[in-house]
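Values reported hereafter were calculated over all heavy atoms of this structure, with side chains retained and with hydrogens, waters and symmetry mates removed. A note on names: the letters A, B, ... follow the listed sequences, proteins ahead of strands, and every chain is numbered from 1. On a predicted model such as this, the values are computed, not experimentally measured, just so you know.
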Amino acid sequence: MDRPAFPDSILDALNPAQREAASIMDGPLMVLAGAGTGKTRTITHRIAWMIEQGVPASAILAVTFTNKAAREMRERVRHLTGRYDVRLNTFHSFCVMFLREEFPVLGRAPDFSIYDDGDALSLVKRVLDDASLDLETHKAQTVLNKIGRWKMREVPPREAQDTSDSLTKEVARIYEAYDRALVEANACDFDDLLLQALRILRDHDEVRARWNRRLTHVLVDEFQDTNTVQYALVQLLTADTGNLCVTGDQDQSIYSWRGAEPGNFDQFLEDHPEAPIVRLEQNYRSTKHILGAAASVISCNRYRIPKTLWTDIEDAEPVRVVGFVDDYDEARAIAKAIRDFEAEGIRPETIAVFYRTNALSLPVERTLLQEGIPYIVVGGLEFFGRQEVKDLLAYLRFLANPRDVVSLARILNVPPRGIGKKTREQVVTLAATQGRPIGDLLRDPDAFTDFTPRARAALTDFAEKLERFDSRRESPVGDLINEILNVTGYAEYWQKKSSKSGSLEPYQNLGQFVTLAQEFDRLQKGRLPEFLTQVALLTDHDRTERRDHAVSLMTLHTSKGLEFEAVVLIGAEHGMLPHAMSSDSLEGFEEERRLFHVGMTRAKRRLVITWAGARTRFGRRSAATPSPFLDELGDVGVEHHGGPTAEAVAIGERVEWDDDAHPLAQARKGTPVWHPDWGSGEIVGVQGRGQGLDRKAVVEFEDGRRVLVLRHSNLELREDDVF
DNA sequence: AACGATTCTGTTTTT
DNA sequence: CAGAATCGTT
Ligand SMILES: Nc1ncnc2c1ncn2[C@@H]1O[C@H](COP(=O)(O)OP(=O)(O)OP(=O)(O)O)[C@@H](O)[C@H]1O
């Protein structure tokens, strides 16, 4: 076991402000600071310091934003103190653990299933079906989103129905039915995990008091992205002790779409007026140019409290902004940039490519593959979202929780075994009318006497399989899964499929899942229930395989909290970043700006930002113009290359802006356009020949007509489907 | 009930 | 373009 070599050095590794924050052990505390100022480092050391001062490690709860961040912090604390038993959780994983212990207080069994968004969607569809509601007016996804918004704000179904709007009222009724269905299936969706835990802590003083004794100190990292329920939760967890420390940065709040409530900062100060606020101002990560450009961008946000941030890291190179003709060109330049970075001695593991949407990774991946540059895609829901993985998980969940209808419905006929939709629904209805867990019903040999002989045979066969799995419930999870794969013929099923039509991936994913389970068996204690608890909250972020000498590809959201020597931020275009779906309100637009700023501030030494004038999106080529954020970078230490106006220079290589690819090149009468000053308009006439940019356009705006030379007009197309 | 062919539909970010 | 939903044939 490693003991710390120099216990006294725990606080020595911090600057004075950080040290102040780390050494305040008791009472409320807020650490408010910009990117790269060592917030995470500070609370890690604070935890280590508390342990050194005699606080039991297991009495400390630190909440991080991702499992990965939790793991890393645990590793650092272990390194500093030799202790690894600090409770390091995400809000969700803490609540799962909490509910596994305390759910009986609400009369619920602790073997509940956890539904991800896909499962929740299935359940909503099921409810809509049962209520025979019009699927046209109620799209399942929309309904689920609305329910989610209620849940995040703690609005119960009854209250939601209290409205005069009949459509909303109907959705609220679905919400009620959905909640009931969750209880019947003994399942929790992600929001439920938080809500149920909150309910228990709020309504049961004894439980709250016990947990306050158990957890004497609570710390929350990335506080800017907590929602109201999460804040209420930590408030209750520290109601008696008052030892709540939060750290965050308003300028890095990028999850409002998931209910994140930056107002929690104010709420905290209102609830704890005596709380010291420690501000950290020295950035230890980035060079002056990078930090300056990022500061210049973020200062454009109206809703923001300005703060000081400085660095003494000198620059090697300026921040580069480069425009390309299209995404293909952009991708090739990215490959070249990576090679150049490597030639400079930057290790590939410390190079990252960021993008706004997952779809943007495709052309980059293809090019890197071609060029033989190893890469990994970090995060996303690729693996756990796969059909074959979800099927396997559904088997496991149904075995652990016999009431779990959604999981059962998923696998009852997987692989195909002659149990169609009709039989399936009959079984589900039968269980519902008898008020019996569907798993018990299925295992009952006399349950299906009224069914057709064919259906009965198939169901009996299925029941036999279930019983074989039951006898393995206490086995290592890897063995159980192998048993399932063999007995059901599911492995064979995919093997056949893949040999027929190409892709080996599904079959390999099954293998990966088995490996994952075996790893669990080897490294952790517990069987099926414990495995499910863990796996339900895993994301690809947590299982991204290590690959030597690989550069990292990820979304801007995933990049939060990380740092890289060199960053290439791609797709900086109008409609992409800021994304069209969130730029219609000022709040949305400013969050996009924060997102851009988060991406920029991940870079330590090198930052390249790219955009493409045309992108193959959706199988179609569509035009794009540079992101307005590019104009906000300032001009100190920032170089612009390429694009319609400036000389076209790629990262080291010349790329001409091709007039034909310019979105306005084919402008003609009737083309809808937009201008930054005059708003929406339509081209009512074009003067000049051909398709060039030197033509003049007569544009009808809301407040009148104007004649503009296309090349210098600053006009943008209102629709991106131009060609 | 199963499977293949066709049509449809939709793309923001994820615990 | 790709994944889901629907359709039509066996
Ligand atoms: N006092 C210090 N001395 C040396 N390096 C430091 C110090 N404080 C922080 N650092 C380094 O600065 C970098 C950023 O630290 P950290 O990740 O803790 O910052 P953060 O405030 O959590 O960042 P962000 O909010 O951008 O995710 C890390 O590489 C860290 O090791």
**Prompt:** Is any side-chain heavy atom of A/Phe513 closer than 4.5 Å to a side-chain heavy atom of A/Glu388?
**Reply:** no
**Asked** Which nucleotide in the list B/dA2, B/dA1, B/dT14 gets nearest to the side chain of A/Thr555?
**Response** B/dT14
**Message:** Working to the nearest 0.5 angstrom, can you tell me the gap between A/Gln230 CD and A/Asn227 CG?
**Reply:** 4.0 Å
**Message:** Closer than 4.0 angstrom, basic N to acidic O: yes or no for A/Glu590 and A/Arg304?
**Reply:** no
**Item:** Pairwise C1' distance for B/dT12 and C/dA5, with rounding to whole Å
**Value:** 23 Å
Detail all sub-3.5 Å separations between protein N/O atoms and N/O atoms belonging to nucleotides 6-11 of chain B.
unit_1	atom_1	unit_2	atom_2	d
B/dG10	OP1	A/Lys139	NZ	2.8

**Request:** Just compare B/dT12, B/dT15, B/dT14 and give me whichever is closest to any side-chain atom of A/Arg356.
**Result:** B/dT12
**Asked** For A/Gln534 and B/dT15, what is the distance between atoms CD and C1' respectively, to the nearest whole Å?
**Response** 15 Å
**Request:** Take atom CZ of A/Phe98 and atom P of B/dT15, then tell me their distance rounded to the nearest Å.
**Result:** 23 Å
**Request:** Please determine if a side-chain N or O atom of A/Thr616 lies less than 4.0 Å away from the OP1 or OP2 oxygen of C/dC1.
**Result:** no
**Message:** Heavy-atom nearest nucleotide on DNA chain B for A/Arg454 versus A/Trp257: which residue maps closer to 5'?
**Reply:** A/Arg454
**Message:** Between C1' on B/dA1 and CG on A/Leu412, what's the gap in Å once rounded to a whole number?
**Reply:** 13 Å
**Request:** In whole angstrom, give the distance that lies between atom OH of A/Tyr493 and atom P of B/dC3.
**Result:** 7 Å
**Message:** Of the options B/dT14, B/dT12, C/dA5, whose atoms approach the side-chain atoms of A/Asn358 most closely?
**Reply:** B/dT14
**Request:** Describe the nucleic acid contact of A/Phe91 in one word from base, sugar-phosphate, nothing, applying a heavy-atom distance below 4.0 Å.
**Result:** nothing
**Prompt:** Closer than 4.0 Å, any side-chain N/O of A/Thr423 to the OP1 or OP2 of B/dA1?
**Reply:** yes
**A/Arg126 and A/Glu425 ion-paired at < 4.0 Å** = yes
**Message:** Between B/dT13 and C/dA4, how many Å separate the two P atoms, rounded to a whole number?
**Reply:** 16 Å
**Prompt:** Do the side-chain N and O atoms of A/Thr228 and A/Glu261 include a donor-acceptor pair separated by under 3.5 angstrom?
**Reply:** no
**Prompt:** Can A/Phe190 be classed as stacking with the base of B/dT15, given a centroid separation cut-off of 5.5 Å and a plane angle cut-off of 30°?
**Reply:** no
**Item:** Atom-pair distance (CZ on A/Arg424; P on B/dA2), nearest Å
**Value:** 11 Å
**Prompt:** Are A/Lys421 and C/dA5 close enough that a side-chain N or O sits under 4.0 Å from OP1 or OP2?
**Reply:** no
**Request:** Could you tell me the separation between the CG atom of A/Asp119 and the C1' atom of B/dT14, rounded to a whole number of Å?
**Result:** 15 Å
**Item:** Nucleotide of C/dA5, B/dA2, B/dT15 approaching A/Lys125 most closely (side-chain heavy atoms)
**Value:** C/dA5
**Asked** What is the distance, rounded to the nearest whole Å, between atom CE of A/Met152 and atom C1' of B/dT14?
**Response** 12 Å
**Item:** Minimum-distance nucleotide to A/Thr558 side chain [options: B/dT14, B/dT12, B/dT15]
**Value:** B/dT14
**Phosphate OP1/OP2 of B/dA2: any A/Asn413 side-chain N/O under 4.0 Å** = yes
**Message:** Tell me whether A/Gln524 at atom CD has more than 12 heavy atoms from other residues, nucleotides or ligands lying less than 6.0 Å away.
**Reply:** yes
**Fill in**
The side chain to side chain contact (heavy atoms under 4.5 Å, CB included) partner of A/Glu365 among A/Val353, A/Leu360, A/Leu553 is A/Leu553
**Fill in**
Residues pairing under salt bridge (charged side-chain N to carboxylate O under 4.0 Å, His left out) where one sits in residues 145-155 of chain A, two or more places apart or in two chains, turn out to be A/Lys151-A/Asp179, A/Lys151-A/Asp189, A/Lys151-A/Asp192, A/Glu154-A/Arg202
**Request:** Rounded to the nearest angstrom, tell me the gap between atom CD in A/Gln230 and atom P in B/dT14.
**Result:** 16 Å
